Protein chains: 2
Amino acid sequence: MKRVSIKDVAREAGVSATTVSYVLNRNPGETISAETTQRVLEAVRRLHYVPNLNARSLSSRRSNLIGVLIPQTEPGKEFMFSNPFYGELLSAIEYTARKNGYHLLLSGTQEDQSYVNVAQNRGVDGIIIVGAYPGRNLEELRGMNVPIVLVDSYVKDAAFHTIGIEDREGARMATEYLIAKGHRDIAFVSGSIREHGVNSKRYQGYCDALAAAGIAPDENALYSDTVSYEYGVAAAGEYVRRGRKQTAAFVTADVLAVGLVKGLLQHGLRIPEDLSVVGFDDVYLSRICYPSLTTVHQDIARKGAEAVRLIMEAAAGAHERMECILPLTLVERDSVMERRAR
Amino acid sequence: MKRVSIKDVAREAGVSATTVSYVLNRNPGETISAETTQRVLEAVRRLHYVPNLNARSLSSRRSNLIGVLIPQTEPGKEFMFSNPFYGELLSAIEYTARKNGYHLLLSGTQEDQSYVNVAQNRGVDGIIIVGAYPGRNLEELRGMNVPIVLVDSYVKDAAFHTIGIEDREGARMATEYLIAKGHRDIAFVSGSIREHGVNSKRYQGYCDALAAAGIAPDENALYSDTVSYEYGVAAAGEYVRRGRKQTAAFVTADVLAVGLVKGLLQHGLRIPEDLSVVGFDDVYLSRICYPSLTTVHQDIARKGAEAVRLIMEAAAGAHERMECILPLTLVERDSVMERRAR
DNA sequence: TTTGCTTACTGAAACGTTTAAGTGAATTTG
DNA sequence: CAAATTCACTTAAACGTTTCAGTAAGCAAA
């Protein structure tokens, strides 16, 4: 039960292996007669030949493989890859990659883990890293000789291409929207605020909007290390415990916002009557949850597509650092209402 | 900027490449002295050597790579991979695979597409196929010389291992539960009912429960199309159009159930007061939606883990066909209530 | 007629591993 | 003490491609 190799095809077609390779790869500069091409393709079909891509990678040093690294927790505990946003992004990346002849090498990442082993040794043509933050992991990657795209990271490093969104603008937009609806006490709920992370930018945007309206930022911002539905629920409890000072909340991730809403409902509060909520990301879930979530929309499909595009361009020889920032819009749904006296 | 290879390590450590390979692979039967082992490992560390897994696969004919095929639609249109269940399952597969030293080669599949090219040519050690149904695609795979695990398929074929759940039992359980709550007119909402597919089993289970209670199944209570949130919403419209005969619905996928509920709410109906709903899968979303969904729970994390285990066992030499059926339980949440007169 | 160019191929090395088979030296066995 | 065994390695072939550097034939140009 041996695999059929290029040599078998060559024998069948009465040509050399080299010729078969040239036929299959339409190698520029090489000329193969129409007749021979026919014979080779015939043989390929007859023998059901499929090229061994490992051998091809080994020889040509390109693999048509893109490594994708996504934060992962133990399964069953949380959403797919800890945030449904990651799932949707992955889906978009996969789709674009496949349409361009790439395969995906998928690996989850956990805090302490080395990034390098995960992907380098397969000879990937590029790596897309989602949700990374600076640290020894990124240091490791710098030495690698492969294009790397960081998604949603504010690391400015010549070694990494980045793709992101107008975080600060988006947050300002959301907060301004709440202010325009008459709210002045606006909670800020997010995952951990780290330097170079998206949340610090979103916090800035939130402050920008408050400042423009002459409101002092709320010292009691709620945030945690993890972006999760569970933390959203917990934050609701905390909000009640603290005396429900705010009439609105800007939440930096939909999954968190949905948890918050759920938690508040469980406490017998009504949304948006008792608290107006604006989320961030516009994951599919936001349309589904109850009440449906007013949120800052980002084009996830496009983000994935651009990530793949950057890898391809870099692999094709582009050498300067590339950066791609996508715009945001606000989508109004049912989780916000005009402020009224309580 | 050359890659460091095993030969560089060999030179550095003053031994042959073979010795380095033996040290790195702890090859059984081969003895390498402690001192040499030390020297080699030192050299590996000094040179930051990482083995080229493509070369390894080529030479050893095992890749530590598992191909995963998941139904995929255009991104942005629907959930991750068309059903959040797939995302959660993928997450579980990834986790288990990684813990066992495997990487994942991910590919989405679309209706018309050949499965073979997607994975075979990378020399994967096995393929996990989610949501496949018999057809020419499976025919193609039969010829391949690689363990294949079909998830949720009732294809009985010596060429494929399978992993599934007690679909019929689960459906019976759900329907019996509704009957026990006093319902007699129970809708059946599902994706397309195909031979060898899970939905035909679930339909049987639904009929079993009705029969046991002396209820004749009603053609008019059937809603079947595609598994998607959108179709759930559409089914709600259809339900209203048909005159709201049923007081309860058994829905064969949570994502569909959530759409149905959403659609009904949009029509001004209340859940569970106007319609009791039981879903299937217990995806994370079921806890989050409003009202939270009573549903048939399956252990998705375990399912993913078992899929990987089957691949590993098959790769290790097990040759008879393996089949793994996991049990189901019913989880009660807020989408069902006792029937009362209307 | 020689030279040079084009066309259509082929040979062989290289990519980075694994692994079967072998090799000497040291050690044990009969 | 010779023979057999064990130990600790090495040699070289193989895995299935790509690709550089030819080559031989045909033809046009000088």
Side-chain angles (χ1 to χ4, degrees), chain A residues 1-41 43-44 47-65 117 120-125 145, chain B residues 1-41 43-44 47-65 117 120-125 145:
Chain A
M1 200 117 175
K2 256 182 62 67
R3 238 197 111 104
V4 8
S5 83
I6 203 170
K7 284 178 192 158
D8 302 316
V9 176
R11 197 176 319 112
E12 176 86 4
V15 296
S16 73
T18 304
T19 302
V20 176
S21 175
Y22 283 154
V23 168
L24 261 30
N25 300 317
R26 318 195 137 283
N27 210 302
E30 285 299 329
T31 55
I32 305 288
S33 72
E35 190 207 0
T36 304
T37 301
Q38 268 315 308
R39 270 216 321 286
V40 168
L41 292 179
V44 164
L47 302 182
H48 294 109
Y49 168 72
V50 254
N52 179 326
L53 298 190
N54 284 324
R56 177 176 289 175
S57 305
L58 187 59
S59 178
S60 68
R61 330 174 160 44
R62 47 195 314 276
S63 59
N64 274 44
L65 253 184
N117 285 322
Q120 177 184 31
N121 34 19
R122 293 274 175 201
V124 294
D125 288 345
N145 191 357
Chain B
M1 200 115 174
K2 255 182 65 66
R3 237 198 111 103
V4 6
S5 82
I6 203 171
K7 284 178 191 157
D8 303 316
V9 177
R11 196 176 320 111
E12 177 86 2
V15 296
S16 73
T18 303
T19 302
V20 176
S21 174
Y22 283 154
V23 167
L24 262 31
N25 300 320
R26 318 196 138 282
N27 211 303
E30 285 299 330
T31 56
I32 304 288
S33 71
E35 188 206 0
T36 304
T37 300
Q38 268 315 308
R39 270 216 322 286
V40 168
L41 293 178
V44 164
L47 302 181
H48 295 109
Y49 168 72
V50 253
N52 179 326
L53 298 190
N54 284 324
R56 177 176 289 175
S57 305
L58 188 57
S59 177
S60 69
R61 296 165 191 60
R62 46 196 315 278
S63 59
N64 273 42
L65 208 56
N117 285 322
Q120 179 184 30
N121 35 19
R122 294 274 176 202
V124 294
D125 288 344
N145 191 356

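Just so it is clear, the model here is predicted, and its values are computed rather than measured.
In this model, the phosphate group of C/dT18 is approached by a side-chain N or O of B/Arg56 to a distance below 4.0 Å at OP1 or OP2. Taking 4.0 angstrom as the limit, A/Ser16 places a side-chain polar atom (N or O) nearer than this to OP1 or OP2 of C/dT10. Phosphate proximity of D/dA8 to B/Thr31: present, with a side-chain N or O under 4.0 Å from OP1 or OP2. Between C/dT19 and B/Ser21, no contact under 4.0 Å exists linking OP1 or OP2 to a side-chain N or O. Regarding contacts with the backbone of D/dT18, a side-chain N or O of A/Asn25 is found under 4.0 angstrom from either OP1 or OP2. An OP1 or OP2 oxygen of C/dT17 is reached within less than 4.0 angstrom by a side-chain nitrogen or oxygen of B/Tyr49.
DNA chain D is contacted by both B/Tyr22 and B/Arg61; B/Tyr22 maps to the nucleotide lying nearer its 5′ end (nearest heavy atom per residue).
Computed from coordinates, the B/Arg26 CZ to C/dT19 P distance equals 16 Å when rounded to whole Å. As rounded to whole Å, 14 Å separates atom C1' of C/dA8 from atom CG of A/Asn27. Regarding B/Leu47, its CG atom lies at a distance of 14 Å from the P atom of C/dG16, rounded to whole Å. Note: CG (B/Leu53) to C1' (C/dG16) measures 11 Å, nearest angstrom. We find that CD of A/Glu30 is positioned 10 Å from P of D/dC20, with the value rounded to whole Å. To the nearest angstrom, P of C/dT10 lies 12 Å from CD1 of A/Ile6. Between the C1' atom of C/dA14 and the NZ atom of B/Lys7 lies a distance of 9 Å, rounded to the nearest Å. We find that CZ of A/Arg62 is positioned 18 Å from P of C/dC15, with the value rounded to whole Å.
B/Thr19 comes within contact range of at least one nucleobase, with a heavy-atom separation under 4.0 Å. Within the 4.0 angstrom heavy-atom criterion, only backbone atoms of the sugar-phosphate kind lie near A/Ser33; the bases stay farther away. Residue-level contact check: B/Thr36 touches the backbone only, with heavy atoms under 4.0 Å from sugar-phosphate atoms and none from bases.
The shortest distance between side-chain heavy atoms of B/Leu24 and B/Ser21 does not fall below 4.5 Å. Here the side chains of A/Val44 and A/Val50 are not in contact, with every heavy-atom distance at 4.5 Å or above. Contact check for B/Arg122 versus A/Ser57: side-chain heavy atoms found under the 4.5 Å cut-off.
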Decide side-chain contact (heavy atoms from CB on, under 4.5 Å) for A/Asn64 and A/Leu53; before the verdict, give the C-alpha distance in whole Å, the side-chain angles of both, and the deciding distance to 0.1 Å. CA-CA 9 Å; A/Asn64 274 44; A/Leu53 298 190; over 6 Å; no
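Listed nucleotides D/dC9, C/dA20, D/dT17 differ in distance to B/Thr18; the shortest reach to its side chain belongs to C/dA20. Looking at the side chain of B/Asn52, the nearest of the listed nucleotides D/dT19, D/dT10, C/dG16 is C/dG16. Here the side chain of B/Ile32 is nearest to one of D/dC9, C/dT19, C/dT10, namely D/dC9. For A/Ser59, taking side-chain heavy atoms from C-beta onward, the closest of the listed nucleotides D/dT18, C/dT19, C/dG11 is D/dT18.
In this structure, B/Arg61 contributes its side chain and B/Gly123 its backbone to no donor-acceptor pair below 3.5 Å.
Considering B/Val40, B/Ile6, B/Asp8 in turn, B/Ile6 is the only one that fulfils the side chain to side chain contact (heavy atoms under 4.5 Å, CB included) rule with B/Tyr49.
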